[in-house]
Amino acid sequence: QSTLWDGCAEYSPDGRRIAFASNRGGAREIWVMDADGGNARPLTSFNGPVPGTARWSPDGRQLVFDGRPDGNSDIFVVAADGGPVRQLTKTPGEDARPTWSADGRWIWFSSNRSGRSEIWKRPSQGGEATQTTRNGGSASVAAPDGAHLFYKRTGDSGPIYQIGLDGS
């Protein structure tokens with residue numbers, strides 16, 4: 001329980017922990033706690049720029065999230081047990097809403113770096129981002145079968161699209 005804002009929660013793949021965003025420490029940060037609500041602790045310490053929703057890696061060892069320490073939204077990874085935050089993107093655009101591939105090799109995210117919001121991907125261990133969609137994309141989630149990505153083009157309403165991870 002908290003008297004301040006808590007939200008954007010997601011269970012770890014094993015169901016034993018929950019990642020969430022909270023301002024219970026003063027500024028909004030990414031937190032983790034046991035599934036029973038115990039042992040809550042922050043993983044980030046941005047102290048001001050709002051981090052977005054954290055998503056667990058398939059093995060439960062890392063969390064990917066978006067944040068704004070330099071004004072623009074970029075993508076970051078932090079170990080689920082704490083440690084240094086690793087910045088994955090740094091562009092003048094808005095990189096947001098990251099999600100993992102089912103095998104943990106890729107991170108998909110939305111970005112307007114091409115002039116409009118599209119879904120991009122980059123290797124989770126490092127490397128260049130490549131554009132996945134061509135007709136708009138604002139939020140995505142990988143299918144558990146590892147063969148497809150589901151995404152929305154814009155906004156909160158409208159159809160959901162499917163694309164093969166091979167681009168089909």
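No hydrogens, no waters, no symmetry mates; every other heavy atom, side chains included, goes into these values.
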Is there a donor-acceptor contact under 3.5 Å from the side chain of [X] to the main chain of [Y]?
X      : Y      : answer
Glu29  : Asn47  : yes
Ser57  : Gly104 : no
Ser73  : Asp95  : yes
Gln162 : His148 : no
Arg28  : Ala21  : no
Thr44  : Ile30  : yes

Side-chain contact test, heavy atoms from C-beta onward, threshold under 4.5 Å: evaluate it for [X] versus [Y] and give yes or no.
X      : Y      : result
Trp100 : Asp59  : no
Pro123 : Arg105 : no
Ile160 : Lys152 : yes
Val32  : Leu63  : yes
Pro92  : Asn72  : yes
Thr91  : Asp74  : yes
Asp66  : Pro98  : yes
Ile107 : Val77  : yes

Give the minimum heavy-atom separation between [X] and [Y], together with the two atoms involved.
X      : Y      : result
Gly136 : Arg153 : O-CG, 3.6 Å
Pro58  : Ser101 : CG-O, 3.2 Å
Gly38  : Met33  : O-CB, 3.5 Å
Arg17  : Gly60  : NH2-O, 3.2 Å
Gly82  : Arg41  : N-NH1, 4.2 Å
Ser110 : Gly137 : CB-O, 3.9 Å

side-chain contact (heavy atoms from CB on, under 4.5 Å) with [X]: which residues, sequence neighbours excluded?
X      : result
Thr53  : Cys8, Arg55
Ala142 : Trp108, Leu149
Ala129 : Phe109, Arg113, Trp120, Arg122

Reported [atom1]-to-[atom2] distance for the pair [X] and [Y], which is rounded to 0.5 angstrom:
X     : Y      : atom1 : atom2 : result
Trp56 : Asp14  : CH2   : CG    : 7.5 Å
Thr89 : Glu128 : OG1   : CD    : 11.0 Å
Arg86 : Ser124 : CZ    : OG    : 7.5 Å
Ile18 : Asp34  : CD1   : CG    : 9.0 Å

Flag if over 12 foreign heavy atoms under 6.0 Å of [atom1], [X]:
X      : atom1 : answer
Tyr11  : OH    : no
Arg116 : CZ    : yes
Arg16  : CZ    : no

For residues 67-97, which residue pairs qualify under ring pair (Phe, Tyr, Trp, His ring centres under 6.0 Å), counting only residues two or more places apart or in two chains?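 The answer is Phe46-Phe76, Phe65-Phe76.
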Can you tell me if Ser117 and Asn112 form a side-chain donor-acceptor pair at under 3.5 Å?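 Asn112 and Ser117 do not have a side-chain donor-acceptor pair below 3.5 Å.
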Can you list the residues that meet the side-chain hydrogen bond (donor to acceptor under 3.5 Å, both in side chains) rule with Thr133, with sequence neighbours excluded?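 Only Glu118 meet the side-chain hydrogen bond (donor to acceptor under 3.5 Å, both in side chains) criterion with Thr133.
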Same cluster or not: [X] versus [Y], using hydrophobic residues (I, L, V, M, F, W, Y) connected whenever any side-chain heavy atoms lie under 4.5 Å apart?
X      : Y      : result
Phe20  : Val85  : no
Ile119 : Tyr161 : yes
Trp31  : Val78  : no
Trp106 : Leu88  : no

With sequence neighbours excluded, give me every salt bridge (charged side-chain N to carboxylate O under 4.0 Å, His left out) pair touching residues 134-144.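 Residue pairs passing salt bridge (charged side-chain N to carboxylate O under 4.0 Å, His left out), neighbours aside: none found.
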